[in-house]
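Worksheet: the structure to be examined is printed underneath.
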Protein chains: 2
Amino acid sequence: MTVPTTGRRERKKAATRQKIADTALRLFLERGYGSVGIRDVAAEADVAVTTLFSHFASKEALVFERDDDFEQRLTQAATGRAPDEPLIPALRREIHALVRHCTAESAAPVWRMIEESPALREYEESMRLRHAQSLAEALAAATDVPQSVTACRTLARFVIDAYALAREATDPQAAVDEIFEMIEAAWQVTCPSVSGRQGPAGRGGPQPG
Amino acid sequence: MTVPTTGRRERKKAATRQKIADTALRLFLERGYGSVGIRDVAAEADVAVTTLFSHFASKEALVFERDDDFEQRLTQAATGRAPDEPLIPALRREIHALVRHCTAESAAPVWRMIEESPALREYEESMRLRHAQSLAEALAAATDVPQSVTACRTLARFVIDAYALAREATDPQAAVDEIFEMIEAAWQVTCPSVSGRQGPAGRGGPQPG
DNA sequence: ACGTTAACACTAACGGTTAGTGTTTTGGAA
DNA sequence: TTCCAAAACACTAACCGTTAGTGTTAACGT
């Protein structure tokens with residue numbers, strides 16, 4: 001604890017990382033993802049290839065530099081919601097925000113690039129698998145009711161699916177709502193004893209056991 | 001149409017393909033997926049590297065040689081079911097069979113190898129995305145009721161998820177049933193007019209439009 | 001029998017990634 | 001202040017999956 005978590009060293013490291021990521025994204029957008037090699041990025045960012053790979057695990061990871069945010073926002077929506085807010089609406093709200101964020105015009109060129117590159121699409125899919133696993137663990141820890149592990153994992157997958165499906169729909173926001181109605185119904189079924197599915201709040205202590 | 005679909009040429013090609021696949025799987029199981037190079041496989045199968053890649057698009061594809069079967073069985077379960085069999089149970093039955101097939105002891109070494117290799121897991125995931133897209137199209141074409149495109153795509157994803165999730169559950173068969181109860185509820189919600197969700201059969205012509 | 005087609009082979013390379021090795025910078029301790 | 005251990009960084013050279021380019025051979029249809 002002798003370090004205030006922001007030494008000069010860490011600042012420099014973060015700066016190098018950021019410089020690499022910015023350079024990479026700029027080159028990718030300028031010349032196309034496939035037409036820019038790792039050696040090009042490293043040279044333009046004025047670092048060695050090995051340095052680049054000490055900051056990013058792969059070429060694709062350069063594009064999804066901020067994916068930690070995604071994961072944290074999602075798990076936060078599950079574990080850090082207000083005590084009277086039901087789970088599914090909280091998740092829906094967060095997915096809404098995330099979809100809105102990545103369908104904004106400012107992000108359009110990046111997402112177009114991703115959609116055009118099979119390698120990037122594949123990488124994103126495997127990223128989502130990790131996100132679903134994190135979310136499943138958060139759900140298992142946060143859920144007020146004793147759903148099974150399988151149910152939590154399933155809900156996590158469905159939520160991630162909602163994000164992916166909504167993005168490729170013609171009306172992403174409407175698609176989120178449509179899919180979340182399905183998810184809500186699926187989740188209701190896993191509740192041991194909830195008679196009416198139209199109650200003013202989904203919570204309210206289903207009995208444990 | 002003058003060819004009876006089994007000329008000598010096609011037989012030879014199929015034989016070469018099979019020889020490559022068999023050799024690859026044998027070597028992978030003997031020495032480990034990561035420790036066997038493409039050049040090793042090609043040499044052992046007595047073909048050139050370029051020949052190998054004319055039969056298989058990638059190294060990972062050597063392992064999932066039969067994935068067309070998976071796709072066809074799934075779409076067949078959606079489009080080719082008996083006229084009085086409801087959709088969801090038909091899909092559940094097929095997923096049951098597929099899960100049982102790949103959790104059999106004879107397939108255990110292969111699936112252990114897949115689970116241990118990140119590259120293979122990633123490839124399998126992107127394969128499933130393709131399967132989900134095929135299934136979504138089959139659903140849109142086969143469903144008796146006028147569900148939306150988004151609903152069909154969502155159901156397809158959920159079904160593929162069921163397969164993936166069940167396989168990593170402690171009791172795969174039970175997990176299939178548990179997840180399909182969730183899927184059934186999700187699908188009911190998309191039916192325009194089904195008053196009781198406990199009706200004897202989900203089918204029965206909700207009005208179009 | 002013959003031209004077309006497609007499978008197959010070979011060499012050489014491209015591009016992402018890693019190993020091995022050494023140098024510089026940084027933060028903290030003596 | 002001085003010195004040390006750790007970590008970032010650099011460089012070379014390679015590994016490995018994959019593809020391009022170029023031929024050669026064998027099978028199919030006419």
Side-chain angles (χ1 to χ4, degrees), chain A residues 1-21 23-25 27-28 31-65 117-124 126, chain B residues 1-21 23-25 27-28 31-65 117-124 126:
Chain A
M1 197 58 82
T2 50
V3 175
T5 63
T6 53
R8 189 175 316 170
R9 195 183 235 158
E10 314 187 17
R11 254 180 292 128
K12 279 203 167 186
K13 178 171 181 176
T16 298
R17 182 195 155 92
Q18 199 59 44
K19 183 176 181 183
I20 294 171
T23 303
L25 195 57
L27 291 186
F28 290 160
R31 311 184 201 162
Y33 179 77
S35 307
V36 178
I38 284 289
R39 292 163 180 88
D40 298 332
V41 176
E44 184 87 4
D46 200 31
V47 296
V49 173
T50 50
T51 301
L52 188 153
F53 276 109
S54 75
H55 285 277
F56 299 92
S58 66
K59 184 186 181 186
E60 296 93 53
L62 289 166
V63 175
F64 297 97
E65 184 220 351
S117 160
L120 287 175
R121 289 192 73 90
E122 188 164 339
Y123 182 84
E124 197 199 347
S126 79
Chain B
M1 196 60 83
T2 51
V3 175
T5 64
T6 53
R8 189 176 313 173
R9 197 183 230 160
E10 313 186 20
R11 253 180 292 128
K12 278 202 168 186
K13 177 171 182 176
T16 299
R17 182 194 156 92
Q18 200 58 44
K19 183 177 181 182
I20 294 171
T23 303
L25 196 56
L27 290 186
F28 290 160
R31 312 183 201 161
Y33 179 77
S35 306
V36 178
I38 285 288
R39 292 163 178 86
D40 298 332
V41 176
E44 185 87 5
D46 199 30
V47 296
V49 172
T50 50
T51 301
L52 188 154
F53 276 109
S54 75
H55 285 276
F56 298 93
S58 66
K59 183 186 181 186
E60 296 92 51
L62 288 166
V63 175
F64 297 98
E65 185 220 348
S117 160
L120 287 175
R121 290 192 71 90
E122 188 164 339
Y123 182 84
E124 197 200 347
S126 78

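Just so it is clear, the model here is predicted, and its values are computed rather than measured. Throughout, a chain's letter reflects where its sequence line sits, starting with A, and its residues are numbered from 1.
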Within this structure, what is the [atom1]-to-[atom2] distance between [X] and [N], rounded to whole angstrom?
X      : N      : atom1 : atom2 : value
A:Y33  : C:dG15 : OH    : P     : 13 Å
B:K12  : D:dA27 : NZ    : C1'   : 8 Å
A:E122 : C:dG16 : CD    : C1'   : 14 Å
B:R17  : C:dA6  : CZ    : P     : 18 Å
B:I20  : D:dG17 : CD1   : P     : 15 Å
B:L62  : D:dG17 : CG    : P     : 10 Å
B:E60  : D:dG17 : CD    : P     : 9 Å
A:I38  : D:dT12 : CD1   : C1'   : 18 Å

Can you tell me if [X] touches the phosphate of [N], counting only side-chain N or O atoms and a distance under 4.0 Å to OP1 or OP2?
X     : N      : answer
A:K59 : C:dG15 : no
A:H55 : D:dC9  : yes
B:T51 : C:dA9  : yes
A:K13 : D:dA7  : no

Item to check | Sugar-phosphate, base or nothing in reach of B:D46, heavy atoms under 4.0 Å | outcome: sugar-phosphate
Checklist entry - Contact class for A:V36 (heavy atom, under 4.0 Å): base, sugar-phosphate, or nothing? => result sugar-phosphate
So, for [X] and [Y], which heavy atoms are closest and what is the spacing to 0.1 Å?
X     : Y     : result
B:A24 : B:V41 : CB-CG1, 3.8 Å
A:F56 : A:A21 : CZ-CB, 3.9 Å
B:T51 : B:S54 : O-OG, 2.7 Å

Item to check | Side-chain donor/acceptor contact of A:R39 with base of C:dG15 under 3.5 Å | outcome: no
Side chains of [X] and [Y]: closer than 4.5 Å at any heavy-atom pair?
X      : Y     : answer
B:T23  : B:D46 : no
B:Y123 : B:K59 : no
A:E65  : A:R17 : yes

Item to check | Position toward the 5' end of DNA chain D (nearest nucleotide), B:G34 or A:V47 | outcome: A:V47
Please list, pair by pair, any protein nitrogen or oxygen found under 3.5 Å from a nitrogen or oxygen in nucleotides 19-21 of chain D.
none

Item to check | Trace of the side chain to side chain contact (heavy atoms under 4.5 Å, CB included) decision for B:E124 with B:E60 | outcome: CA-CA 9 Å; B:E124 197 200 347; B:E60 296 92 51; over 6 Å; no
